[in-house]
Each structure stands twice: as structure tokens, then as C-alpha cells.
Amino acid sequence: MGEGGRFQLGTVGALTLSVVSSVSIVICNKALISSLGFTFATTLTSWHLLVTFCSLHVALKMKFFEHKPLDQKTVTGFGILNGISIGLLNLSLGFNSVGFYQMTKLAIIPCTVLLETLFLAKRFSRSIQIALLVLLLGVGIATVTDVQLNALGSVLSLLAVITTCVAQIMTNTIQKKHKVSSTQLLYQSCPYQSGTLLISGPFLDWFLTNQNVFAFKYTTQVLAFIIISCLISVSVNFSTFLVIGKTSPVTYQVLGHLKTCLVLAFGYILLHDPFDWRNILGILVALIGMVLYSYFCTRESQKKVSEEATQPLQAGEGESDPLMGVENGSGVVTDAVDQKAPVWKSNKDLHA
């Protein structure tokens, strides 16, 4: 198998791992929060990241990957920014209606496109833009219900969107600029992400739920679900960095909306959540958008490869991030389940 084929296989594996692990953790956490009353989402996320770091540290000692030093300021800033974005997403949900929060998540894709266009000179064709609009329309139909506005909630949502977009763009650019793997970046940033949330998590959870995480009654069943959730989170966090590194932040968000649709479907099948014609219509429209996005990206990447074969020096970089793709030279063919991102990071995932 050639290099391109191996990369494509690796991309498919990363996408599959991300979908399966994210949907699994949302279902697990939904049972933990809704059925067992453990509503401390931010603190739970800090435990996820702590377990992920410990798992990667063991893997490092067992020589599964090599440690590659990075600029300390870059790693520290990146890790803290990720932690802040999670906290802001939780606060956004706490101060807004579920419908407005869903709109906040939908705003991540156009914001990412805008930032990459302005600061990274990345071009998104009209076909790609239309496909993304169809996707967002479908997810909006399926998930957005009541929309209630308030000044504080709107400011928090704006900050949450900006920090999430910047963090995901940095995940991609740091890996490419410093030539580090997703595992190496995740290992070095995890302590700062986890530390940020370990400190702020109990306060945020108390502020949002009026309950103390340390006073909660931890039954055997609750502890079992927490352990399962933390173990699945290792795969979720790893696949998030892997997907963004192999594809792009926009593709990761597209994949995230696919997870949202799957969570809605599994919630209806396994947990008997309410499901009506609007959910079905929205999911179908979203799936059409995803298919169009992947098709247009693949077509444009093939066109770009053909042009590079005749004109080695190409100016600019087009959008080439299908859900399944291959890497050619410096161009990569390829981003809240409900939920933030890619990884279940808060009770926002319970409101797909």
C-alpha cells in the first residue's frame, strides 16, 4: 500500500474512532447525569483529561511514542485556552436556553471559516460554503428549539465560540508547524487543560447547579459510570487531536455534527428520548450537507493534485478537507454531539 493509501486508511480510522468513542461517551454521560444525578460536567471533564494524561504517560514510558519538546509558552497558552473554552461553553449553556446554545455551536463552523480566511489566507470555494450551509440548516432544524436571548448569555456564547475556534485552529497549526504528532501535543497540553478545569471546575459546577461536587453521594453505580466515562475519554481526547491534525478544524466540526445526529438517533432508540418529524427532517438535511461537503472537498483536492502535477508552484491553498482523504505534499485532504467539540466536555452534550 502506498503512502497516500496508508494516510487515507489512517484518516478513516481516526474519523471512525472519533465517532464511536464520542457517541459512546455521550450515552454514558447522559445516563450518569440524567439518571444518576451527577451534574458536575466541568469537574468530570477535568477528570477525563487527568486520566488521559496518566494513560499517555504510561504509554510514553512503554515507548509507544517519543516525547518531543515544544515551546513552553505555546503549550501552556494552548492548554489553558482549551480549558477556558470548555468552561465558557458550560457557562454559555447555563446562562442561555438550550435552543440558543445550539445556535452557539452552529456558529463555530462559520467563525472558523472566517478566522482561517482572515488570518491563514485559506480559501473556501462556493461549493464548500453551500455544503456547509446545508449541513448547518439540517442540524439547526433537528436541534434548535426555543431561542431566548439575554445580554450576559450572548457575551458568554460569543467568547465560547471564539475561544473554541482558536483552540481548534491551534490544534491543527501547532501539529503542522512544529511537526509533532497528535499524541505528543495532547500529552504536553493535557496537564494545563486538566489543571485549569480541576481548579475552576468545582466552582463552575457549584455556580451552575448549586451543588457541591465533594458533598455528592458517590454510590458504586455512580463510581462505575465515572470510571467508564474516564476510560472512554482517553479515546475521545486522542481521536479529537488526531482528526484535527489529519484533516482540519472545519472537518472536525462537520464530524461533530454527524455525532450530534447519531446521538439523537441513539437517544431515541436506547433511551426513548422524544423524537418527531422535525428531528428526522433535520438529520436527513444534515446528512445531505455532509455528503456534499465530502464530495466537493474530494473533487477539489483531486483537481488540485492534477494542477500541481503540471504546475509544481501553486499560489494559495484551497479548502481540501473531505471526511475521507489523502495528504499530498503540504496540502491535506480531509471540525459540541452536542457537542464542543469533539469530545464530550460538558452537559451541553445532553441537549443535542
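Heavy atoms only: backbone and side chains are in, while hydrogens, waters and symmetry mates are out.
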Using 0.5 Å steps for rounding, measure from the CG atom of L89 to the CD1 atom of I84. 12.0 Å

Transitive ILVMFWY side-chain link I128 to I109, under 4.5 Å: yes

Between T173 and I169, is there a donor-acceptor pair closer than 3.5 Å when you use the side chain of the first and the backbone of the second? yes

Would you compute the distance between atom CG of L132 and atom CZ of F296 and round it to the nearest 0.5 angstrom? 10.5 Å

Which pair of non-hydrogen atoms, one from T209 and one from D205, has the smallest distance, and what is that distance? OG1-O, 2.5 Å

Does I141 offer a backbone N or O that forms a donor-acceptor pair with the side chain of R278 under 3.5 Å? yes

Would you call F225 and N29 a side-chain contact if the rule is heavy atoms closer than 4.5 Å? no

Validation row, ring centre Y293 to ring centre Y295 under 6.0 Å: no

Donor-acceptor contact below 3.5 Å, side chain S235 vs main chain L231: no

Look only at the side chain of K105 and the backbone of F100, and say whether a donor-acceptor pair between them is shorter than 3.5 Å. no

Considering residues, nucleotides and ligands other than Q221, do more than 12 of their heavy atoms fall under 6.0 Å from its CD? no

So, does Q184 use its side chain to make a donor-acceptor pair with the main chain of E66 at under 3.5 Å? yes

Examine V155 and L208 and state if one hydrophobic cluster contains both, with Ile, Leu, Val, Met, Phe, Trp and Tyr joined whenever side-chain heavy atoms are less than 4.5 Å apart. yes

State whether the side chain of K259 and the backbone N or O of V254 hold a donor-acceptor pair below 3.5 Å, judged by distance alone. no

If you count heavy atoms of other groups shown closer than 6.0 angstrom to NZ of K303, is the number above 12? no

Side-chain heavy atoms under 4.5 angstrom apart, residues restricted to Ile, Leu, Val, Met, Phe, Trp, Tyr: same cluster for L204 and I199? no

Which heavy atom in V213 sits nearest to a heavy atom in P202, and how many Å separate them? CG1-CB, 4.1 Å

Pairwise distance CG(L242) to OG1(T171) - rounded to 0.5 angstrom: 12.0 Å

Side-chain heavy atoms nearer than 4.5 Å, only ILVMFWY residues, links allowed to pass through others: does that put W277 and L287 together? yes

Any donor-acceptor pair under 3.5 Å linking the side chain of T164 with the backbone of A160? yes

How long is the span from the CG atom in L185 to the OG atom in S181, to the nearest 0.5 Å? 8.0 Å

Stepwise side-chain contact (heavy atoms from CB on, under 4.5 Å) check, Q188 with H67: CA-CA 9 Å; Q188 295 192 56; H67 176 70; 3.7 Å; yes

Judged by atom type as modelled, is there a donor-acceptor pair below 3.5 Å linking the side chain of T74 to the main-chain atoms of L70? no

Closest heavy-atom contact between A142 and N279? O-ND2, 2.8 Å

Nearest atoms (heavy-atom pairs only) where N172 meets T247: ND2-O, 3.5 Å

Does some side-chain heavy atom of T52 sit less than 4.5 Å from a side-chain heavy atom of S55? no

Evaluate the criterion side-chain contact (heavy atoms from CB on, under 4.5 Å) for residue pair R299 and S127; output intermediate values, then yes/no. CA-CA 10 Å; R299 189 182 67 176; S127 298; 3.8 Å; yes

Looking at V222, is its backbone amide N or carbonyl O close enough to the side chain of T219 to form a donor-acceptor pair, meaning the two atoms are under 3.5 Å apart? yes

Linking I/L/V/M/F/W/Y whenever their side-chain heavy atoms sit closer than 4.5 Å, directly or via other members, would L17 and V20 fall into one cluster? no

Using only heavy-atom distances, determine whether the side chains of Q175 and S182 contain a donor-acceptor pair under 3.5 Å. no

Using atom types as modelled and distance alone, determine if a side-chain donor or acceptor of K176 lies under 3.5 Å from a backbone N or O of G245. yes

Any idea which heavy atoms bring Q129 and F124 closest together, and the distance? NE2-O, 2.8 Å

Over all atoms of both residues, closest heavy-atom pair of G83 and L197: O-CD2, 3.4 Å

Can you sort out the partners of F207 under ring pair (Phe, Tyr, Trp, His ring centres under 6.0 Å), two or more places apart, ordered by chain and number? F95

In Å, rounded to the nearest 0.5 Å, how long is the span from CD1 of I226 to NE2 of H48? 8.5 Å

Will you find, in the side chains of N96 and S157, an N or O donor that is under 3.5 Å from an N or O acceptor? yes

Can you check whether N82 reaches S189 side chain to side chain, under 4.5 Å on heavy atoms? no

Is it true that atom CZ of F65 has more than 12 heavy atoms of other residues, nucleotides or ligands lying nearer than 6.0 Å? yes

Report yes if some heavy atom in the side chain of E116 is under 4.5 Å from a heavy atom in the side chain of C165; otherwise report no. no

Among S18, S22, S239, find the one that has a side-chain contact (heavy atoms from CB on, under 4.5 Å) with L255. S18

Does a side-chain heavy-atom distance below 4.5 Å link L56 with F64? no

With ring centroids as reference points, do F214 and F216 lie under 6.0 angstrom apart? no

Hey, what do you get for CG (L93) to CG (L156), rounding to the nearest 0.5 Å? 11.0 Å

Could you tell me if the side chain of T117 sits less than 4.5 Å from the side chain of R123, heavy atoms only? no

Do V134 and V285 come close enough that some side-chain heavy atom pair is under 4.5 Å? yes

Side chains of H57 and Y187: donor-acceptor distance under 3.5 Å anywhere? yes

For L44 and L32, what are the C-alpha separation, side-chain angles and deciding distance, and is it a side-chain contact (heavy atoms from CB on, under 4.5 Å)? CA-CA 11 Å; L44 180 61; L32 180 62; 3.9 Å; yes

Full working for side-chain contact (heavy atoms from CB on, under 4.5 Å) between N237 and F241: CA-CA 7 Å; N237 291 321; F241 277 59; 5.6 Å; no

Mind checking whether W47 and Y218 have parallel, tilted or perpendicular rings, split at 30° and 60°? tilted

When you compare the side chain of K122 with that of S248, does any pair of heavy atoms fall below 4.5 Å? yes

